[in-house]
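Below you'll find the structure, written out as structure tokens, and then a few comments.
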2 protein chains.
Amino acid sequence: MGHSKAEKQASHDLIVKTAARVFRERGVDGIGLADLMKAAGLTHGGFYGHFASREDLIAEAVGFALREGGKTMASTVEGKPSAKVALGVLIDAYLSLAHRDELGTSCAVAAMASDVSRSNARCRSAYTRQVGNYLELLVSLIATEKRKSRRVKAITALSTLVGAVSMARAVNDEQLSRELLKAAADELKKQLAP
Amino acid sequence: MGHSKAEKQASHDLIVKTAARVFRERGVDGIGLADLMKAAGLTHGGFYGHFASREDLIAEAVGFALREGGKTMASTVEGKPSAKVALGVLIDAYLSLAHRDELGTSCAVAAMASDVSRSNARCRSAYTRQVGNYLELLVSLIATEKRKSRRVKAITALSTLVGAVSMARAVNDEQLSRELLKAAADELKKQLAP
DNA sequence: ATTATCTATAGATCTATAGATAATGC
DNA sequence: ATTATCTATAGATCTATAGATAATGC
């Protein structure tokens, strides 16, 4: 039983982090507060010392999950010798088997899209911001003539990434699932980093 | 109170149809059986005369929703003067504001992707089949040199469609939402039906 | 007589709260 | 003394079932 202010903050962060993982794995409606607190190593009675309501946790956890995905993507491309290489690495990472299978730490723009579309404004604003961040990153990596054209291509590329990994997770034919990821990755790299 | 065999079948179909709509709107976990039966104009006690379990209904409803989406798409392209025109119409319909907003009758490959990825084999097999159907349709409409290249382009196009509409539903910035749909549509048409 | 649907309810689980307990920090 | 977490529980809601009711179809 931890009781200091620092420990309370640590508990708070742990609950948010746990929820960000489990909500991506099972969906926002896929776990109750008692099981969630147990997964964080706490009892459910303590929950309301940290959050005003379940909704409140959802907003924090969705925000955390979205930011985490953004950081992961940023660090994936960091220090790459060229924009072209960085873009190729980003595409391969996003459409990897690891990203498909590790739902709990995966990009929330894909994993939580439908949950967020049914959530409150706080969740949707965080989602909107993250989509904006991804588009900015992609625009900076796409090497084509006009700025406007880069934005259109960035939107299309992000849509392709999100759609491909979503479908690859839902089909139960491993061969098709891999084909979806590989075809999308090959085509995107061919178009954007030839 | 209907009591004939024909009426029972009609009730069964109505429950499935209602669930296929509401599950797309609110998610599979977004409604209980009592409210679902009420939405179908019945009382919840009658549910188990039609289905062995909630899971059983989910499987039927997900299958229905997926098939409905396939039929809608097929009828959208039907009777078009050329493959190029058909492809343009399909892309515009999928990325329309109407399709974004009418979740209850929308394409289940997008709307139910995350629910299906957490569902049983029956749901996932139906999803896999529908993805196959969509790819076949797209391959038949894409006019490029090699067969293999058409399949890769079809997968990429379907991913783009699914990803764009998913994100367009989740963001709460109407301008960005429309931009996502328009950019994806413009770019897809430019690439596939120039 | 059979059966589709209804009312009523059991038992589990969910969110939220109240009050007890065991730490911290003055 | 204060407070973070615990145990216990209220009240609502969920899936599933039992038995009553009101139609159909012989």
Side-chain angles (χ1 to χ4, degrees), chain A residues 1-64 115-116 118-120 122-123, chain B residues 1-62 115-116 118-120 122-123:
Chain A
M1 223 190 274
H3 291 80
S4 68
K5 263 194 178 174
E7 279 173 298
K8 181 171 188 186
Q9 185 61 53
S11 291
H12 182 101
D13 294 350
L14 182 60
I15 298 167
V16 171
K17 205 176 161 184
T18 303
R21 173 172 57 79
V22 180
F23 286 166
R24 274 176 283 186
E25 288 169 355
R26 308 194 209 169
V28 161
D29 296 325
I31 187 167
L33 294 182
D35 286 343
L36 192 73
M37 290 295 278
K38 194 189 283 179
L42 294 163
T43 55
H44 64 285
F47 180 83
Y48 291 91
H50 294 282
F51 305 96
S53 64
R54 183 182 218 282
E55 281 274 287
D56 191 24
L57 168 65
I58 291 172
E60 279 206 45
V62 166
F64 181 92
D115 275 333
V116 168
R118 292 187 286 263
S119 293
N120 59 40
R122 243 174 104 192
C123 292
Chain B
M1 224 190 275
H3 291 80
S4 69
K5 265 194 178 172
E7 278 172 297
K8 182 171 189 186
Q9 184 62 52
S11 291
H12 182 101
D13 294 349
L14 182 59
I15 297 167
V16 171
K17 203 176 160 185
T18 303
R21 172 172 59 77
V22 181
F23 286 167
R24 273 176 284 187
E25 289 168 355
R26 305 194 211 170
V28 161
D29 296 326
I31 187 169
L33 294 181
D35 286 343
L36 192 73
M37 290 295 278
K38 195 188 280 180
L42 295 163
T43 55
H44 66 284
F47 180 82
Y48 292 91
H50 294 283
F51 305 95
S53 64
R54 185 182 217 278
E55 281 275 286
D56 191 24
L57 168 65
I58 291 171
E60 280 206 46
V62 167
D115 275 333
V116 167
R118 292 186 285 264
S119 294
N120 59 38
R122 243 174 105 193
C123 292

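Sequence lines set the chain letters: A, B, ... in the order given, protein chains first and strands last, and positions in each chain run from 1.
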query = Are OP1 or OP2 of C/dA4 and a side-chain N or O of B/S11 less than 4.0 angstrom apart?
reply = no
request  = Dot-bracket notation for DNA chain C is requested: 5' to 3', Watson-Crick or G-U wobble pairs only, both distances under 3.5 Å, with ( ), [ ], | and . as defined.
outcome  = ||||||||||||||||||||||||..
Interatomic distance, [X] [atom1] vs [N] [atom2] [rounded to whole Å]:
X     : N      : atom1 : atom2 : result
A/F51 : D/dA4  : CZ    : P     : 14 Å
B/L57 : D/dC14 : CG    : P     : 15 Å
B/R26 : D/dT13 : CZ    : C1'   : 14 Å
B/K8  : C/dT3  : NZ    : C1'   : 8 Å
A/R54 : C/dA16 : CZ    : P     : 8 Å
B/Y48 : D/dA16 : OH    : C1'   : 5 Å
B/D13 : C/dA4  : CG    : C1'   : 15 Å
A/E7  : D/dC6  : CD    : C1'   : 15 Å

task = Using a 4.5 Å cut-off on heavy atoms from C-beta on, say whether the side chain of B/T43 contacts that of B/K38.
result =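 Side chain of B/K38 against side chain of B/T43, heavy atoms only: no contact under 4.5 Å found.
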ask   = Do A/R122 and A/D56 have side-chain heavy atoms sitting under 4.5 Å apart?
value =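 Yes, at least one pair of side-chain atoms sits under 4.5 Å.
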ask   = How many angstroms lie between CG in B/L14 and CD in B/E7, if you round to the nearest 0.5 Å?
value =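 These two atoms lie 12.0 Å from each other.
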query = Taking A/N120 for the side chain and A/C123 for the main chain, is one N or O donor matched with an acceptor at less than 3.5 Å?
reply = yes
ask   = Counting N and O atoms only, with roles assigned by atom type, does the side chain of A/R118 sit under 3.5 Å from a partner on the main chain of B/R26, one being a donor and the other an acceptor?
value =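 Yes; judged by distance alone, with no hydrogens or angles, the pair exists.
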query = B/H44 near the nucleic acid: base, sugar-phosphate alone, or nothing, with a heavy-atom cut-off under 4.0 Å?
reply = base
inquiry  = Under 4.0 Å, counting only non-hydrogen atoms across every strand here, what does B/G32 touch: a base, just sugar-phosphate, or nothing?
reply    = sugar-phosphate
inquiry  = By nearest heavy atom, map A/M37 and B/D35 onto DNA chain D; which one lands nearer the 5' end?
reply    =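 Its nucleotide being nearer the 5' end, the pick is A/M37.
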query = Where the side chain of A/H50 is defined as all heavy atoms beyond and including C-beta, which of D/dT7, C/dA16, D/dT5 is the nearest nucleotide?
reply =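 Looking only at heavy atoms from C-beta outward on A/H50, the closest nucleotide is D/dT5.
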query = Between A/D115 and A/F23, what is the shortest heavy-atom contact and its length?
reply = OD2-O, 4.4 Å
key: Nearest non-hydrogen partners of A/S53 and A/Y48, listed with the distance   =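 Shortest heavy-atom contact: CA-CE2, 3.9 Å.
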